[in-house]
Amino acid sequence: MSAITEVPQKLTFRRYKDGDHKVRRWNQQIFQSSYSYKCPTYIQSTPPCQGSCPAGEDIRGYLGIVRGTEKPPMGADGKPTMSWQEYAWRRLTEANPFPSVMGRVCPAPCESGCNRNEVEDHVGINSVEHFLGEYAIANNLAFSSNAAPTGKKVAILGGGPAGLSCAYQLTLKGHEVTIFDEHEHLGGMMRYGIPGFRTPRDVLDAEIARIINLGVKTRMNCRVGTEVSMEQIRKEFDAVFLGMGAQAGRALPTADSEAANVVTATAFLKAFNDGRLQHVGKRVVVVGGGDTSIDVATVARRLGHIEHAKPTDAELAIAGRMAHDVADISAKQGADVTLTSVFNIDKMQANKHEIEQAQAEGIDIRGSLVPIGIVRGADGRATALRVMRCEAKLVGQRLEIKNVEGSEEDIEADLIVSAIGQAVDFTGLEEFNNGKGMVSTDKNYLVAGQPGVFAGGDIIKPHLLTTAIGHGSIAADGIDCFLNGRDLEKRPKIDAHQFDLMRKMAEKGIEIKQVNDPIRGTDKSGGAVHNFDNRSERYVIPHDKLFLGHFSYVPRNQRDVITLDKESALGNFDERLVALVQAQAVAEAKRCMSCGMCFECDNCVMYCPQTAVSRVKKSESTTGRYVTTDYDKCIGCHICADVCPTGYIQMGLGE
Ligand SMILES: Cc1cc2nc3c(=O)[nH]c(=O)nc-3n(C[C@H](O)[C@H](O)[C@H](O)COP(=O)(O)OP(=O)(O)OC[C@H]3O[C@@H](n4cnc5c(N)ncnc54)[C@H](O)[C@@H]3O)c2cc1C
Ligand code: SF4
Ligand code: SF4
């Protein structure tokens with residue numbers, strides 16, 4: 001076992017700046033024109049983790065529940081209505097119904113954005129998500145909906161993450177949903193692309209079953225555009241969501257490179273995931289550099305080759321033309337796998353850890369090579385990939401490649417796999433093609449010029465699972481508006497699932513009284529949440545608005561990864577990632593600095609020189625309403641804001 005990454009050993013922020021040691025007059029230190037004479041306000045903002053999660057999960061919210069700051073609601077018997085693990089899972093799945101899958105394969109852009117990177121290392125958000133997903137499966141947690149049926153019917157074309165996410169959100173709103181999918185099973189690329197040693201099929205099945213059990217109908221083995229027409233769909237349904245993804249692989253971008261043993265990554269992985277592909281040839285060359293190419297290379301390495309097998313076995317299985325001959329596992333030997341990328345290895349798009357794992361498994365990764373053609377044998381099949389050294393860089397979205405003349409080289413191959421991207425198959429659905437091989441939508445994911453037709457996921461732009469899930473969720477809001485005859489909403493600048501203080505207060509049974517006269521509440525009035533402002537939809541709180549000095553160095557609790565080598569990878573289809581145990585997950589959640597939301601540290605209560613800040617009485621206190629200010633006592637010294645670790649207190653009231 002080995003840890004995923006090196007943990008930084010030093011704090012990266014400085015508690016004091018140069019010049020802080022100089023003694024200044026006390027009134028210069030306390031009174032500053034920008035915020036003195038103003039009293040504290042409580043400002044909810046979006047933490048950068050949440051702002052960077054394409055599915056818009058309330059990350060701070062579920063980490064707060066795991067760490068024990070926010071508690072599940074109490075029942076009439078005075079006991080919690082559910083465990084904290086379930087409460088956290090329910091908060092998470094409001095945005096994303098796939099925490100177990102996500103916890104395994106999401107590259108976690110949330111962690112790159114995490115403010116804790118400014119202290120020592122990001123919070124292991126993805127590993128807590130993984131833990132919660134595992135808890136839910138082990139405890140058979142189910143979704144439930146109490147929305148009244150609306151009688152409206154929605155067709156979802158494609159049962160990948162985008163379609164399933166949209167189906168989930170629409171069903172929770174009371175609409176009747178039918179998913180059409182050309183495959184036998186739901187899941188899209190989660191099942192037919194990503195191999196089972198990364199997304200175990202029992203985990204995937206459990207998370208999909210929960211959505212279907214809400215009452216979602218399915219029509220499997222049914223391709224819209226060929227078996228069912230759009231005309232029929234429009235007749236039978238009130239709205240449509242296009243989530244067909246990008247199923248077609250892209251061929252090698254070189255002239256005359258068609259051959260039986262030159263295949264695409266999507267065809268290769270589908271044949272493997274369908275169980276048709278049982279072994280590959282002795283030498284496999286994968287062209288790519290992204291995650292898909294790593295999946296192909298690691299699958300090829302695990303499959304290995306059989307010394308006396310026919311050289312055409314693998315390509316026929318990939319073409320779907322024959323069932324595999326029953327190979328004797330013990331006769332398998334490791335295949336030599338080479339992966340080429342136009343980028344330098346350190347610039348490849350694939351996840352760095354996946355690159356390292358692939359190298360440990362003996363895959364020869366070669367950067368800065370551009371394919372220029374194939375070399376053929378007498379039978380017309382490829383015998384090698386011809387490459388040239390190159391320098392590649394991205395200029396905006398455009399890839400610029402400069403070849404190094406005279407550096408041609410042939411890499412011998414029995415099978416060449418092109419993993420350089422995917423395309424949408426528009427057969428029978430040409431009306432949605434924007435002319436560039438994709439579908440165009442607006443911010444509500446409404447398809448241009450097609451009322452009632454929405455789209456999301458890879459069909460718009462191939463990206464990540466979490467992105468497809470986010471699109472499906474936002475499109476469901478648009479479809480709901482459309483079905484109810486409402487105008488589509490203007491989406492907020494920061495389009496995420498946010499903590500809702502009013503909902504939290506209602507959940508706890510705290511009465512929010514009607515505001516009469518005067519319109520604005522005061523600290524003496526129960527008529528309004530008078531000094532609170534939710535700016536989450538427009539403000540992401542940066543690290544320099546936090547009091548980072550409050551947080552000391554705490555190493556990240558990392559999951560173990562089982563690293564295989566050249567020999568042990570052969571025939572090993574076991575999962576390599578080990579979930580955190582509960583104590584580790586709680587410890588990891590405790591590292592969260594709760595950016596932009598009170599986490600009940602009591603600093604403001606302790607440090608206020610006027611004793612103007614006090615705790616809200618227990619029966620009325622809840623997350624985000626933990627402290628209150630007595631404005632008769634407050635002198636606007638801003639000490640409470642200075643010592644607030646989370647940036648929740650800002651000076652503002654009183655202007
Ligand atoms: C090999 C590989 C590895 C990847 N690894 C990762 C990873 O580690 N992490 C990550 O976040 N992302 C990863 N991705 C990207 C991720 O899988 C996709 O971004 C995501 O699956 C897109 O979801 P989707 O629902 O838009 O499309 P898909 O997942 O492609 O699902 C589309 C569904 O629509 C069905 N369909 C298509 N056309 C029709 C039709 N006409 N009628 C009926 N049904 C139809 C298909 O059968 C399919 O089930 C990977 C992708 C690949 C290919
Ligand atoms: S889905 Fe990905 S980006 Fe979002 S919280 Fe999970 S790991 Fe982070
Ligand atoms: S410290 Fe917590 S709230 Fe802040 S960005 Fe990181 S995970 Fe999000």
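Counting starts at 1 for both ligands and their atoms, in listed order. All residue numbers in this chain count up from 1 along the given sequence. Computed from a predicted structure; not experimentally measured.
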At what distance is the nearest protein heavy atom to atom 8 (Fe) of ligand 3, and which residue and atom is it?
-> Cys49 SG, 2.4 Å
Mutual orientation of the aromatic rings belonging to Trp84 and Phe131 [parallel < 30°, tilted 30-60°, perpendicular > 60°] = parallel
Any idea which atoms of ligand 3 are less than 4.0 Å away from a heavy-atom of Pro47?
-> 3 (S), 8 (Fe)
Between Ile469 and ligand 2, which part of the residue brings a heavy atom under 4.0 Å of the ligand: side chain, backbone, both or neither?
-> neither
State if Ala55 counts as touching ligand 2 under the rule of any non-hydrogen atom under 4.0 Å.
-> no
Could you tell me whether Glu94 and Arg90 make a salt bridge, using a distance below 4.0 angstrom between a side-chain N and a carboxylate O?
-> no
Ligand 3 to Asn115, heavy atom cutoff 4.0 Å, flagged ligand atoms 5 (S), 6 (Fe)
State, without any angle test, whether Ser473 and His497 hold a side-chain donor-acceptor pair at a distance under 3.5 Å.
-> yes
Just need the protein heavy atom nearest to atom 2 (Fe) of ligand 3, so name the residue and atom and give the distance.
-> Cys592 SG, 2.4 Å
Answer yes if the side chains of Asn96 and Glu57 hold a donor-acceptor pair under 3.5 Å, and no otherwise.
-> yes
Looking at Glu129, which atoms of ligand 2 are within less than 4.0 Å of one of its heavy atoms?
-> 1 (S), 5 (S), 6 (Fe), 7 (S)
Thinking salt bridges, do Arg576 and Glu354 make one under a 4.0 Å N-O criterion?
-> yes
Under the side chain to side chain contact (heavy atoms under 4.5 Å, CB included) rule, collect the residues that match up with Ser229, sequence neighbours excluded.
-> Glu231, Gln232
So which protein heavy atom does atom 1 (S) of ligand 2 come closest to, and at what separation?
-> Met102 CG, 3.2 Å
For ligand 2, which atoms, with element, lie under 4.0 Å from some heavy atom of Cys110?
-> 3 (S), 5 (S), 7 (S), 8 (Fe)
Look at Arg491 together with Asp477 and state whether they make a salt bridge at an N to O cut-off of under 4.0 Å.
-> yes
Closer than 2.8 Å to atom 4 (Fe) of ligand 2, do we get an N, O or S atom from Cys53, backbone or side chain?
-> yes
Honestly, for Cys595 the part within reach of ligand 3 (heavy atoms, under 4.0 Å) is both
Metal check, atom 6 (Fe) of ligand 2 vs Glu57 N/O/S, cut-off below 2.8 Å | no
Provide the number and element of each atom of ligand 2 under 4.0 Å from a heavy atom of Cys106.
-> 1 (S), 2 (Fe), 3 (S), 7 (S)
Measuring from each atom of ligand 1, which residues have a heavy atom under 4.0 Å away?
-> Val105, Pro107, Gly158, Gly159, Gly160, Pro161, Ala162, Phe180, Asp181, Glu182, His183, Gly188, Met189, Gly193, Ile194, Arg198, Cys222, Arg223, Val224, Gly243, Met244, Gly245, Gln247, Leu269, Thr292, Asp295, Gln422, Leu429, Gly457, Asp458, His463, Leu464, Leu465, Ala468
Got a sec: is Cys114 within less than 2.8 Å of atom 6 (Fe) of ligand 3 via an N/O/S atom?
-> yes
Interfacing atoms of ligand 3 (cut-off 4.0 Å, heavy-atom, Leu63) = 7 (S)
Asn557 and Gln584: side chain donor to acceptor below 3.5 Å | no
Are the charged groups of Arg234 and Glu431 less than 4.0 angstrom apart, N to O?
-> yes
Where ligand 2 meets Ala108 - atom numbers and elements under 4.0 angstrom, heavy-atom basis | 7 (S)
Out of Glu361, Arg198, Gln357, which residue meets the side-chain contact (heavy atoms from CB on, under 4.5 Å) rule with Thr298?
-> Glu361
Option passing side-chain hydrogen bond (donor to acceptor under 3.5 Å, both in side chains) with Gln498 (candidates Arg60, Gln50, Glu537) | Gln50
Can you list the ligand 2 atoms lying under 4.0 Å from a non-hydrogen atom of Thr466?
-> 1 (S), 4 (Fe)
Which word best sums up how the rings of Phe573 and Phe197 line up, parallel for under 30°, tilted for 30 to 60°, or perpendicular for over 60°?
-> tilted
Answer yes or no: is there an ion pair linking Asp274 with Lys270, defined by an N-O contact shorter than 4.0 Å?
-> yes
Test item: Ile420 and Val287 side chains (from C-beta on) under 4.5 Å apart, heavy atoms = yes
